[in-house]
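Here the structure is laid out as structure tokens; the discussion comes afterwards.
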Protein chains: 2
Amino acid sequence: MARTGRPREFDKDKTLARAVELFWSRGYGATSIQDLVDALAVERGSLYGTFGDKRRFYLDAVRLYWDVYERHLITALDTTPLLPALREILTHPARLDELISDVGTPHGCMVGNTSAELVPHDAEATQVVTHSYRRFTDLVTDALRRAQSTGEVTDSAAPEAQAQLLLYVVQGLSLVSRAGLDRAAALSAIDTAIDALRA
Amino acid sequence: MARTGRPREFDKDKTLARAVELFWSRGYGATSIQDLVDALAVERGSLYGTFGDKRRFYLDAVRLYWDVYERHLITALDTTPLLPALREILTHPARLDELISDVGTPHGCMVGNTSAELVPHDAEATQVVTHSYRRFTDLVTDALRRAQSTGEVTDSAAPEAQAQLLLYVVQGLSLVSRAGLDRAAALSAIDTAIDALRA
DNA sequence: CAACTTCTTGACTGGGCGTTCAAGAAGTCA
DNA sequence: TGACTTCTTGAACGCCCAGTCAAGAAGTTG
């Protein structure tokens, strides 16, 4: 059973990565197939043939977004001391860490945006969002547990509760930053959260 | 210039309040005019005559949502001690405080949902969201400043930074709770946040 | 009652949406 | 080369959407 035929003219992975950008900034509903055709320079039929319908395409984009963030998360959490890494993780989706000043308004976290727009009435979207949140809290909980044992992080609260709170903070910052970002105020707030973790 | 004519058969305020429910749970894009006609029992023409187009209608609903929450906020913040009130405020949009167990998945905060779906590409929505966030931080900052002076709240951080952080927490909790809510885990996280404010 | 104003009703419109599909192009394989 | 498979292209389709409008109903005013 040979799988021959005319080869695809565009790079599937790169196209999906560019679709992430579009879906991320505009959301699911406000991004039309025509927008994607224009931005990706791939015709409608090819998009449908390669990625299935719009929902599949979008959800694949969210999954890719999360995979990239999770890799970043795992790398960052594997450092000592932990608190500077946590600070970076919290500020990352809101692009607070970018040095350029004219970064424009950030798009927030794509998982959070999906939660607001498609959850709970879309079951598959709900599953993707739930999975991502769960991975975040699991990974951060482990890191906090280690940092508690070394005495870097206070054990006045359970690492699970601390991690859950950090999820709220990062999702909240991402969301609020869509409406415009006062960098200094945001960083002060994040530092307040990080300081509260200090032993 | 008399303003006579056939009187409106429905209650404008009550209808707007019911529209809040619908827009809140489904969002802007996923709520069609037909949905509103069906749910509100008011014909299309009357809705358009009374509330203008869909965007106006939605934004008025968001404004009403915020007004109600803000009144609640002002009342709650005017109490001593402050920390239990803050705890209640944080849990309120996620309906963590409701006693009934089958509350279903909460809709999150309607302002936050608007931020995810319409901001920043809709200027008026952005203004509504920005205004709401600003009011929240201003009101909470004042309350925290008073509570710092009485010694209830730690002065290890500026009240502005504490208030901004609480905005992130409440927005994050609201958003995350759309994907399903582990009440105990959420309350532990919120308690961790509140404890960090204690002097 | 008659004139006037506003509200109600629901059929209608035009447009944009997601999606499909047929015909041709570009490869592989024997 | 010729059969076969897959990809590309863009026109076409049907649907549902937000929004309009004309005709009638229900009030007020003098």
Side-chain angles (χ1 to χ4, degrees), chain A residues 1-20 22-62 113-114 117-118 121-125, chain B residues 1-20 22-62 113-114 117-118 121-125:
Chain A
M1 184 79 144
R3 290 190 23 82
T4 67
R6 178 173 177 176
R8 196 177 281 126
E9 290 187 357
F10 60 96
D11 184 311
K12 181 176 177 178
D13 293 342
K14 284 180 182 167
T15 300
L16 183 57
R18 289 171 65 195
V20 168
L22 216 67
F23 276 132
W24 188 8
S25 63
R26 301 196 205 175
Y28 176 76
T31 307
S32 71
I33 298 291
Q34 191 57 49
D35 290 338
L36 292 162
V37 168
D38 294 343
L40 306 177
V42 175
E43 286 300 329
R44 313 169 77 75
S46 298
L47 286 183
Y48 275 89
T50 306
F51 299 106
D53 64 15
K54 187 185 174 187
R55 251 188 81 258
R56 263 202 222 289
F57 197 12
Y58 178 80
L59 291 176
D60 279 345
V62 178
N113 297 347
T114 303
E117 192 172 359
L118 298 183
H121 72 267
D122 184 310
E124 196 173 348
Chain B
M1 185 76 141
R3 293 190 22 82
T4 69
R6 179 175 176 176
R8 196 178 282 125
E9 289 186 358
F10 60 96
D11 184 310
K12 181 176 177 178
D13 292 342
K14 283 180 183 168
T15 300
L16 183 57
R18 290 171 65 195
V20 168
L22 215 68
F23 276 132
W24 188 8
S25 62
R26 302 196 204 175
Y28 176 76
T31 307
S32 71
I33 298 291
Q34 192 57 48
D35 290 337
L36 292 161
V37 168
D38 294 343
L40 306 177
V42 176
E43 288 300 331
R44 313 170 75 75
S46 298
L47 286 183
Y48 276 91
T50 306
F51 299 105
D53 64 14
K54 187 185 173 187
R55 252 187 81 258
R56 264 202 222 287
F57 197 13
Y58 178 80
L59 291 176
D60 278 345
V62 178
N113 297 347
T114 303
E117 192 172 358
L118 299 183
H121 72 269
D122 184 309
E124 196 174 349

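Values reported hereafter were calculated over all heavy atoms of this structure, with side chains retained and with hydrogens, waters and symmetry mates removed. Order of the sequence lines fixes the chain letters, A, B, ..., with proteins taken first and strands second; residue numbering starts at 1 for each chain.
Partners of A:S25 by side chain to side chain contact (heavy atoms under 4.5 Å, CB included), not counting sequence neighbours, listed by chain and number: A:H107. Under the rule for a side chain to side chain contact (heavy atoms under 4.5 Å, CB included), the partners of B:Q34 that lie at least two apart in sequence or sit in another chain are B:S32, B:V37, B:D38, B:R44. Residues that satisfy the salt bridge (charged side-chain N to carboxylate O under 4.0 Å, His left out) test with A:D53, not counting sequence neighbours, are absent from this structure. Scanning for side chain to side chain contact (heavy atoms under 4.5 Å, CB included) contacts around A:D13 gives A:D11, with sequence neighbours left out. Shown here are the side chain to side chain contact (heavy atoms under 4.5 Å, CB included) partners of A:D60, two or more places apart in sequence or in another chain: A:L16, A:R63. In terms of the salt bridge (charged side-chain N to carboxylate O under 4.0 Å, His left out) criterion, B:R56 has no residue partners (sequence neighbours excluded). By the salt bridge (charged side-chain N to carboxylate O under 4.0 Å, His left out) test, B:R26 pairs with B:D35, sequence neighbours left out. The ring-ring contact (aromatic ring centres under 6.0 Å, His included) check on A:F57 picks up A:F23, A:F51, with sequence neighbours excluded.
Where B:Y28 and B:P7 each meet DNA chain D at their nearest nucleotide, the meeting point lying more 5' is that of B:Y28.
Listed in residue order, the members of residues 30-37 of chain B having a heavy atom less than 4.0 Å from DNA chain D are B:T31, B:S32, B:I33. Heavy-atom distances under 4.0 Å link DNA chain D to B:Y48, B:D53, B:K54 of residues 48-58 of chain B, given in residue order.
A distance-only check finds no donor-acceptor pair linking the side chain of B:E124 to the backbone of B:L59 [under 3.5 Å].
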Under 4.0 Å protein heavy-atom contacts per nucleotide of nucleotides 9-14 of chain C, with B for base, S for backbone only and - for none: BBB---

B:Y58 and B:L118: CA distance, side-chain angles, deciding distance, side chain to side chain contact (heavy atoms under 4.5 Å, CB included) verdict: CA-CA 11 Å; B:Y58 178 80; B:L118 299 183; 3.7 Å; yes

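At whole-Å resolution of the value, NZ in B:K12 and P in C:dT8 are 12 Å apart.
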